[in-house]
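Data block below; observations after.
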Amino acid sequence: MDAPPGGAGSPLAAPPAAGALPRRVHGGYALGSLATGAFGTVPGLLLLPYLTDTLGVAAGAAALLVLLPKAWDVLVNPVAGRISDRTRSRWGARRPYLLGAGLALGALFGAIFAAPFGTGPAAGAYVAVAFLATATAFAFFQVPYVAMPAELTSDYAERTRLMSWRIAVLALAILVSGAVAPLVRDAGGGGLPGHRWMGLFVAGLIVLGALGAFFGTRAAPEGLVGESEPTLRAQLAVAARNRPFRALLVCFVVQSAGVATVLAGVNYFADQILRDPEGGPTILFACFVGPALLVMPLWTRAGARVGKLAALVAASLIFAVGALALVAAPVLPALAVYLLVALIGVGYAGQQVFALAMLPDCIAYDTARTGRRQAGVFTGVWTAGETFGLALGPGIFGLVLQLSGYVSSDTGTSATQSDTTRAGILLGFTVLPALLMGLAVLFLRPYDLTPARLAEAHTHPADHAVVVGDESH
């Protein structure tokens, strides 16, 4: 749908503002993280144990059922980005998807846990199909949503502030959805009925976030709508040649797999290692996410002082050290275990805020050099990678369960497990994510995008013929 001349989403729209954004835009945009946080957290936290301990699906098969639908987004997300790049409407290029895809996402999420076929293989197949449909809706919400910051402001520091708001709400969404969802499940009677109530609760959070982001950003400035590459293949080629983006993406995908491995293991760790299947998951989640709300201002100051790249490396190493130390959990007092989980949460908060603050810099760098509006394709590739990483986590943890001999159950509670299985759960929850998070920083070595280089790109943009060539320097 074409917009009127000079309106939102038209070629005559003003470029993004260089100064501070209104607080209502910060808050409105951040509310979208209720949707992304809930969907990014609850399936990774509860879907694998739902399949293994309620539907009776074998651990290896359950790992595939969790992995494959989200891996589908690797193909869908770049397409969603290209479509949103080319959208013209009176609501702009991105906001229509916040509303339409956001409402669809909420409805489909509730369907994942509806369990119309009870337990067994048919129930597992139904979950796979419902999860695939939900992941597709999520792609069309998340990609336009993540693309917006590069178009809301051209200010390097303002993007960090905008991301701080977003990550604060994201942390709150993860805390509420991750800690409260198991309580809703248990209050609903556990098993199939409890999971149905939990699905409705999380669906409500998603719809609230989608509506909040849509209405909260209605007065937000829109960036200049320039010409994009004529084909998806050409756009992906430009994204691949953006060296800072490429380095940041690979690092973030690997780290997302590490984070998702922790999420996938929370219930198993609480049950088999802490011996607290009832309150353990909620306490672990509160310790993991709670510090993020407290340390976010400190991370923002650290980023301003030492730079986003150095702060991202520091946050990643804090996460890795905390996770590695947690391997001693069987001999540590409960308080020490929870403090180590809180340390992991501090690192997670910084890792998220700086990676997401560096992404708009990569997009702005490309726009300045090419004069082409391709934020949707960059964020499509980004969210495809992130989604794949988040899907890999449960897949990895499910494989660990399978290899260590995990016994599935269709009773709603876990079966008795062997010492070998418990050892596998411990290593999968601690050593594996520590290695993924820590070693991923090595992929950041080619990243060299500084404020000075960004300013130079804006001042002396290269012509398109130079940009589409190799950027290996």
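A quick note: this is a predicted structure, and the numbers were derived from the prediction, not measured.
Enclosure of atom CZ in Arg275 by more than 12 non-hydrogen atoms of other residues, nucleotides or ligands within 6.0 angstrom is indicated.
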Working note: Phe245 + Phe378, criterion ring pair (Phe, Tyr, Trp, His ring centres under 6.0 Å); need CA distance, chi angles, decisive distance, verdict. CA-CA 8 Å; Phe245 173 78; Phe378 276 93; 4.9 Å; yes
In sequence, state the C-alpha distance, the side-chain angles, and the governing distance for Leu192 and Leu55, and then conclude on side chain to side chain contact (heavy atoms under 4.5 Å, CB included). CA-CA 8 Å; Leu192 296 181; Leu55 300 186; 3.7 Å; yes
Check the pair Asp53, Asp271 against side chain to side chain contact (heavy atoms under 4.5 Å, CB included), reporting the backbone distance first and the verdict last. CA-CA 12 Å; Asp53 296 339; Asp271 186 5; 5.6 Å; no
Do Arg94 and Leu98 pass the side chain to side chain contact (heavy atoms under 4.5 Å, CB included) test, and can you show the C-alpha distance, the side-chain angles, and the key distance before you say yes or no? CA-CA 7 Å; Arg94 315 297 179 189; Leu98 301 185; 5.5 Å; no
Start with the C-alpha distance between Val321 and Ile344, add both sets of side-chain angles, then the distance that settles side chain to side chain contact (heavy atoms under 4.5 Å, CB included), and finish with yes or no. CA-CA 8 Å; Val321 169; Ile344 295 172; over 6 Å; no
Given ring pair (Phe, Tyr, Trp, His ring centres under 6.0 Å), test Phe138 with Phe109 step by step and report yes or no. CA-CA 10 Å; Phe138 182 64; Phe109 187 93; over 10 Å; no
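When side chains are defined from C-beta on, Leu343 counts as touching Ile318, because their heavy atoms get closer than 4.5 Å. Between Phe39 and Pro43, some side-chain heavy-atom pair lies under the 4.5 Å cut-off. A 4.5 Å side-chain heavy-atom check between Leu46 and Thr41 finds every atom pair outside the cut-off. Using a 4.5 Å heavy-atom threshold, the side chains of Leu248 and Asp361 count as separate. Within the 4.5 Å cutoff, no side-chain heavy atoms of His195 are placed close to those of Ile112. The side-chain heavy atoms of Phe201 and Val42, taken from C-beta on, include no pair separated by under 4.5 Å. Between Arg246 and Asn242 there is no side-chain heavy-atom pair separated by less than 4.5 Å. Side chains of Glu386 and Val253 form no contact here, defined as non-hydrogen atoms less than 4.5 Å apart.
Listed for the Arg196 side chain is a donor-acceptor partner under 3.5 Å among the backbone atoms of Ala115. Side-chain N or O atoms of Ser404 include one that pairs as donor or acceptor with a backbone N or O of Leu401 at under 3.5 Å. Under a 3.5 Å cut-off, the side chain of Ser408 and the backbone N or O of Val57 do form a donor-acceptor pair. The backbone N or O of Thr421 sits less than 3.5 Å from a side-chain atom of Ser418, completing a donor-acceptor pair. Gln417 contributes a side-chain N or O that, together with a main-chain N or O of Ala415, makes up a donor-acceptor pair within less than 3.5 Å. A donor-acceptor contact shorter than 3.5 Å is absent between the side chain of Tyr406 and the backbone of Arg422. Of the possible donor and acceptor atoms, one in the side chain of Trp299 sits under 3.5 Å from a partner among the backbone N and O of Val346. Using modelled atom types, no side-chain atom of Arg185 and backbone atom of Trp197 make a donor-acceptor pair closer than 3.5 Å.
Of the inter-residue distances, the one linking Leu34 atom CG with Leu172 atom CG reads 7.0 Å to the nearest 0.5 angstrom. With values rounded to the nearest 0.5 angstrom, Leu105 atom CG is found 9.5 Å from Thr36 atom OG1. The line from OG1 of Thr119 to CG of Leu51 is 12.0 Å long, rounded to the nearest 0.5 Å. Atom CZ of Phe141 is separated from atom CG of Leu99 by 10.0 Å, given to the nearest 0.5 angstrom. For the atom pair CG (Leu326) and CG (Leu426), the distance works out to 7.5 Å, reported to the nearest 0.5 Å. The OG atom of Ser256 lies 9.5 Å from the CG atom of Leu392; values are rounded to the nearest 0.5 Å.
Heavy-atom minimum distance, Ser177 versus Leu205: CB-CD1, 4.0 Å. Between Tyr126 and Ala114 the shortest heavy-atom distance is OH-CB, 3.9 Å. In this structure, Gly178 and Phe285 approach most closely via the heavy-atom pair CA-CE2, 3.7 Å. Closest non-hydrogen pair, Ala63 versus Pro394, comes out as CB-O, 4.3 Å. Annotation for Ala30 and Val169: closest pair O-CG1, 3.2 Å, computed over non-hydrogen atoms. Gly118 and Ala123 make their closest contact through O-CB, 3.0 Å (heavy atoms, listed as atom of the first residue, atom of the second, distance).
Neither side chain, Asn267 nor Tyr50, offers a donor N or O lying under 3.5 Å from an acceptor on the other. For the residue pair Gln255 / Ser316, a side-chain donor-acceptor distance below 3.5 Å is found, with atom types taken as modelled. In this structure, a donor-acceptor pair under 3.5 Å is present between the side chains of Thr52 and Tyr268.
Here the two rings, on Phe443 and Tyr447, have centers that are 6.0 Å apart or farther. Between Phe429 and Phe397, the distance separating the two ring centers is not shorter than 6.0 angstrom. For Phe319 and Tyr348, the distance between ring centers is not under 6.0 angstrom. For an aromatic pair to be called close, the ring centres must be under 6.0 Å apart, and Trp382 with Phe252 satisfies this.
Arg95 forms a cation-pi arrangement with Phe214, by the criterion of a distance under 6.0 Å to the ring centre and an angle within 45° of the ring axis.
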